[in-house]
**Student:** 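Would you mind keeping the following structure in view while I ask a few things?
A, B, ... follow the sequence lines: proteins, then strands. Residue 1 opens every chain.
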Amino acid sequence: MLSRIPLNHCYYRKNRVGLHLCQTMVNVVSMYIENQLLKLVKEAVFSLYGVSVSEGIAQVQETRKEFEGDLTLVVFPLLKISKSNPEKTGQEIGQWILQHCPEVDSFNVIKGFLNFSLSQSYWLTALQNLDTQYPDTGVTPRNFMVEYSSPNTNKPLHLGHVRNNLLGYSVSRILQANGHKVVKVNLVNDRGIHICKSMLAWQKFGKGVTPESSGKKGDHLVGDFYVMFDQIYKKEIKQLVQEGMSEQEAEKNAPLLLEAQSMLRRWEAKDPEIMGLWKTMNAWVYDGFDKTYAAMGVDFDKVYYESQTYLHGKEIVQKGLESGVFFRKEDGSVWVDLTDEGLDQKLLLRSDGTSVYMTQDLGTACQRFSEYPLDELIYVVGNEQNYHFQVLALVLSKLGYDWARFIHHMSYGMVELPSGKMKSREGTVVDADDLIEGMIATSAEMSAALGKLDDCSPEEKERIVRTIGLGALKYFILKVDPRKNMLFDPQESIDFNGNTGPFIQYTHARIRSVIRKAEALGFMPFGHFSAGLSLSAKERYLLRLLCRYPSVLRESGENLSPALLANYLYELTKEYNQFYHDYPILHEENPELRNFRLFLSERTSGIIRAGMDLLGIDVPEKM
RNA sequence: GGGUCCAUAGUUCAAGGGAUAGAACGAAAGUUUCCUAAACUUUAAAUACAGGUUCGAGUCCUGUUGGGCCUACCA
């Protein structure tokens, strides 16, 4: 089975993502001020014009930064009801709401936009009550399983896997922060002809080399033999073609391939020698993977191995045959006919009775739903396998499993290189370990050049440098909409300035530094400030932005998009930096104002830390 | 060929049918007696093309052009 990592390009199913997840927000309407306001708008319209507003006509959104106000009602759609012009309608509704909603302080109408300003005490209270660890997102808790990573055991992880792992891990964390239960699982593709290829090459040409004897990481060592197999295989084909064989014939009859196929049969027959080799080499790979996973900071609650689950699928196929959902062709192969659903016929079992990719996925899905009470099973798998998952869900529902509708393919785009596709065999892959090492090295260079960590111990320095390097890499990948393809140029190293992980980390470190100083000065915990304190526009906006965290988290979960969270954190950070630059905190002489600014700063650092944590990114205390 | 997705500054990314399309990098110019200059400020620069729907379109529909992916008794 191929690893579930895209090597190739793009695909994007708009109506898939978030489809199942949306219904949860309906019953929390009253929790959010936006929804409260929307409800009042409906009442206002009914009271003023005697018409009830149908669903989706009225919309309340955040007021754009350049206008005065916090929430905005778009008046245009209501003009048919008010039978009046936008300005007048806005005034009338605004007036009504002002009188009926205590949180609304004032309003203004610009063109067709009715902007409400909420009271400062509303925002202050909201921020005070905001729980950064477990914010109230108002979603109904459910049970999720998230499958991600899903590597082959014949070669090391590459950049495509990095995106997969970071997305899978982060999405799991975001769902957890929304209050859901999440089981993180990995499906290891540890059997099949591709595994035999590296085994065979090692057996024939390896001369007993081990990770210990070579000093190589196990997954890389095994990967080298996979590449070696391919090189020799190609030579053999060339040779055969020169001897007059057609290319297609040669591909099928190259001695090395025949040997690999023979090895696969011996594996399926549980030949002790082959099983021993298989176990040994897989153990090397797992050892290597564990190191890479640890470096990336991802983990799993449960690991499935295809070698243990592929047989379940055969039973499912058998059942489907008996119930007449599947059919057998003369040659003995088993198929399902999906032409009524607009798809093709799909093979489920080969004529020799061995299973294919789909077979094991059927079995694994059944196993999972019988093991866990799942409300949703999310497969984090590249968009190149979209058709596969469409078929999977369809076949399962044809088999009568009503949980088939809980299967959700989180289809993400590939990582492209400037040269185009990554191809393992052509050596154009970006290796995960190299990439991580490289990022940490760059981070170390930059720290040294800036001289920021000169007074740290070597251990501390190393830890911080590592945190920053990984932060740059992870943020670089996660800030992009998962559904879209993204480009990675190995020539131009990932930035450490601008919209980057280190930028956010730096802001956190700076705030922590201020807080430490405030503690030393006896300002912490910050004391009283009055709700009527006169705030600048910048401070007010920052306050509002901080309060948005729970709803960003909710959207991020509903859309399965860490990018929404990442971009919010960047915006927050940018705003804070402007505030930090323009206003004194510790040097502010008015103690109430100083307290407020410490409060803002402390909350900002808390949200940055919590949000980055959900992206799997650490934030340092200093850098 | 069929199915499907994509196209936004020089480049990499944003923008739940809503206001003047935001950032970052790169380019040009500035800010340090002051809480970390990995920061902040300023300037130039974009919705592939043609229609349509709408009070309103980068966003929805149709077509054109250019690209990706799928379309295996591979996984």
**Student:** Using a cut-off of 4.0 Å on non-hydrogen atoms, how would the nucleic acid contact of N85(A) be classed: base, sugar-phosphate, or nothing?
**Tutor:** nothing
**Student:** Which residues pass the side chain to side chain contact (heavy atoms under 4.5 Å, CB included) test with S355(A), sequence neighbours left out?
**Tutor:** R191(A), Y310(A), K314(A), L349(A), T359(A)
**Student:** What integer number of Å spans the P atoms of rU59(B) and rU47(B)?
**Tutor:** 13 Å
**Student:** Look at the side chain of D344(A) and the backbone N and O of T339(A), then say whether any donor-acceptor pair between them is shorter than 3.5 Å.
**Tutor:** no
**Student:** With rounding to the closest Å, how many angstrom separate the P atoms on rG58(B) and rG18(B)?
**Tutor:** 10 Å
**Student:** With rounding to the closest Å, how many angstrom separate the P atoms on rU11(B) and rC35(B)?
**Tutor:** 40 Å
**Student:** Could you state the CD-C1' distance from Q390(A) to rC70(B), rounded to the nearest angstrom?
**Tutor:** 10 Å
**Student:** Can you tell me if S513(A) uses its side chain to pair, donor with acceptor, with the backbone of A509(A) under 3.5 Å?
**Tutor:** no
**Student:** Tell me, please, which residues at least two apart from R328(A) pass salt bridge (Lys or Arg N to Asp or Glu O under 4.0 Å).
**Tutor:** none
**Student:** Using a heavy-atom distance cut-off of less than 4.0 Å, which residues of residues 467-477 of chain A contact RNA chain B?
**Tutor:** I468(A)
**Student:** Measure from CG on L450(A) to C1' on rU36(B) and round the result to the nearest Å.
**Tutor:** 11 Å
**Student:** Base, sugar-phosphate, or nothing: which does F503(A) touch, judged by heavy atoms less than 4.0 Å apart?
**Tutor:** sugar-phosphate
**Student:** Base, sugar-phosphate or nothing for L487(A)? Non-hydrogen atoms, less than 4.0 Å.
**Tutor:** sugar-phosphate
**Student:** Does R594(A) count as lying over the ring of F526(A), i.e. NZ or CZ under 6.0 Å from the six-ring centre, within 45 degrees of the axis?
**Tutor:** no
**Student:** Is there a donor-acceptor pair closer than 3.5 Å between any side-chain N or O of S561(A) and the backbone N or O of G557(A)?
**Tutor:** no
**Student:** Can you list everything that forms a salt bridge (Lys or Arg N to Asp or Glu O under 4.0 Å) with K88(A)? Sequence neighbours excluded, please.
**Tutor:** E92(A)
**Student:** Can you give me the N/O atom pairs linking the protein to nucleotides 20-30 of chain B at distances under 3.5 Å, or say none if there are none?
**Tutor:**
| from | atom 1 | to | atom 2 | distance (Å) |
| --- | --- | --- | --- | --- |
| rU20(B) | OP1 | K111(A) | NZ | 2.9 |
| rA23(B) | O2' | Y570(A) | OH | 2.7 |
| rA24(B) | OP1 | K574(A) | NZ | 3.1 |
| rA24(B) | O2' | N499(A) | N | 3.4 |

**Student:** Do S551(A) side-chain atoms and R548(A) backbone N/O form a donor-acceptor pair below 3.5 Å?
**Tutor:** yes
**Student:** When you get a sec, tell me which of rU41(B), rC69(B), rC13(B) is the closest nucleotide to the side chain of E384(A)?
**Tutor:** rC69(B)
**Student:** List for me each residue that meets salt bridge (Lys or Arg N to Asp or Glu O under 4.0 Å) alongside R597(A), sequence neighbours excluded, and say none if there are none.
**Tutor:** E539(A), E588(A)
**Student:** May I have the distance from R512(A) (atom CZ) to rA39(B) (atom C1'), rounded to whole angstrom?
**Tutor:** 19 Å
**Student:** Holding to salt bridge (Lys or Arg N to Asp or Glu O under 4.0 Å), I want the full list of residues that pass it with K517(A), two or more places apart in sequence or in another chain.
**Tutor:** none
**Student:** Which donor-acceptor pairs under 3.5 Å do side chains of residues 70-79 of chain A form with protein atoms, sequence neighbours excluded?
**Tutor:**
| from | atom 1 | to | atom 2 | distance (Å) |
| --- | --- | --- | --- | --- |
| D70(A) | OD1 | R540(A) | NH2 | 3.2 |
| D70(A) | OD1 | R544(A) | NH1 | 3.4 |
| D70(A) | OD2 | L118(A) | N | 2.8 |
| D70(A) | OD2 | W123(A) | NE1 | 3.1 |
| D70(A) | OD2 | R540(A) | NH2 | 2.6 |
| T72(A) | OG1 | T63(A) | OG1 | 2.7 |
| T72(A) | OG1 | N115(A) | OD1 | 2.6 |

**Student:** Taking side chain to side chain contact (heavy atoms under 4.5 Å, CB included) as the definition, give me every residue that meets it alongside R609(A), ordered by chain and number, with sequence neighbours left out.
**Tutor:** H508(A), V619(A), E621(A)
**Student:** Check the distance between rC74(B)'s C1' and L257(A)'s CG and give it to me in whole angstrom.
**Tutor:** 12 Å
**Student:** With a non-hydrogen cut-off below 4.0 angstrom, is T507(A) in contact with a base, only sugar-phosphate, or nothing?
**Tutor:** nothing
**Student:** How is D489(A) classified with respect to the nucleic acid when contacts are heavy atoms under 4.0 Å: base, sugar-phosphate, or nothing?
**Tutor:** nothing
**Student:** Output side-chain donor-acceptor pairs under 3.5 Å for residues 464-475 of chain A, partner residues at least two apart or in another chain, one line each.
**Tutor:**
| from | atom 1 | to | atom 2 | distance (Å) |
| --- | --- | --- | --- | --- |
| T467(A) | OG1 | R463(A) | O | 2.8 |
| K474(A) | NZ | M296(A) | O | 2.7 |
| K474(A) | NZ | G616(A) | O | 2.7 |
| Y475(A) | OH | N499(A) | OD1 | 2.6 |
| Y475(A) | OH | A566(A) | O | 3.2 |

**Student:** Please give the stem ranges for RNA chain B, sorted by first residue number, where a stem is three or more consecutive Watson-Crick or G-U pairs and both donor-acceptor distances are under 3.5 Å.
**Tutor:** B:1-7 with B:65-71, B:10-13 with B:22-25, B:27-31 with B:39-43, B:48-52 with B:60-64
**Student:** For E147(A) and L187(A), indicate whether the former's side chain and the latter's backbone hold a donor-acceptor pair under 3.5 Å.
**Tutor:** no
**Student:** Just to confirm, is there a sub-4.0 Å distance from OP1 or OP2 of rG17(B) to any side-chain nitrogen or oxygen of Q59(A)?
**Tutor:** no
**Student:** Looking at the side chain of N577(A), which of rA39(B), rA19(B), rC55(B) is the nearest nucleotide?
**Tutor:** rA39(B)
**Student:** Could you check whether V74(A) gets within reach of a base, just the sugar-phosphate, or nothing at all, counting any heavy atom under 4.0 Å?
**Tutor:** base
**Student:** Categorize V60(A) for me: base, sugar-phosphate, or nothing, with a 4.0 angstrom heavy-atom threshold over every strand shown.
**Tutor:** base
**Student:** Is there ring stacking between F113(A) and rA19(B), where the centres must be under 5.5 angstrom apart and the planes under 30 degrees?
**Tutor:** yes
**Student:** Quick one: E251(A) CD to rA72(B) P, roughly how many Å, whole number?
**Tutor:** 17 Å
**Student:** Identify all pairs in which a protein N or O lies below 3.5 Å from an N or O of nucleotides 32-35 of chain B, and state each distance.
**Tutor:**
| from | atom 1 | to | atom 2 | distance (Å) |
| --- | --- | --- | --- | --- |
| rC34(B) | O2' | H587(A) | ND1 | 3.1 |
| rC35(B) | O3' | K517(A) | NZ | 3.1 |
| rC35(B) | O2 | I585(A) | N | 3.4 |
| rC35(B) | O2 | L586(A) | N | 2.9 |
| rC35(B) | N3 | I585(A) | N | 3.0 |
| rC35(B) | N4 | Y580(A) | O | 2.6 |
| rC35(B) | N4 | Y583(A) | O | 2.4 |

**Student:** Looking at W335(A), does the NZ or CZ of K346(A) lie under 6.0 angstrom from its six-membered ring centre and within 45 degrees of the ring axis?
**Tutor:** no
**Student:** Between rU33(B) and rU43(B), how far is it from one C1' atom to the other, in whole Å?
**Tutor:** 30 Å
**Student:** Taking CD from E416(A) and P from rC5(B), how many angstroms apart are they, rounded to a whole number?
**Tutor:** 18 Å
**Student:** When all nucleic acid strands are considered with a 4.0 Å heavy-atom cut-off, which category describes P86(A): base, sugar-phosphate, or nothing?
**Tutor:** nothing
**Student:** Quantified in whole Å, what is the P atom distance between nucleotide rG51(B) and nucleotide rU12(B)?
**Tutor:** 28 Å
**Student:** Report yes or no: is there a donor-acceptor pair, N or O only, under 3.5 Å between the side chain of Q61(A) and the base of rG18(B)?
**Tutor:** no
**Student:** Take the protein atom CG of L78(A) and the nucleotide atom P of rU54(B), then report the distance between them rounded to whole Å.
**Tutor:** 19 Å
**Student:** Under 4.0 angstrom, heavy atoms only, what part of the nucleic acid is A509(A) near: base, sugar-phosphate, or nothing?
**Tutor:** base
**Student:** Output the rounded distance in Å from CZ (F488(A)) to P (rU12(B)).
**Tutor:** 14 Å
**Student:** Any base atoms under 4.0 Å from M486(A), or only sugar-phosphate, or nothing? Heavy atoms, all strands.
**Tutor:** sugar-phosphate
**Student:** Any side-chain N or O of N567(A) less than 4.0 Å from the OP1 or OP2 oxygen of rA14(B)?
**Tutor:** no
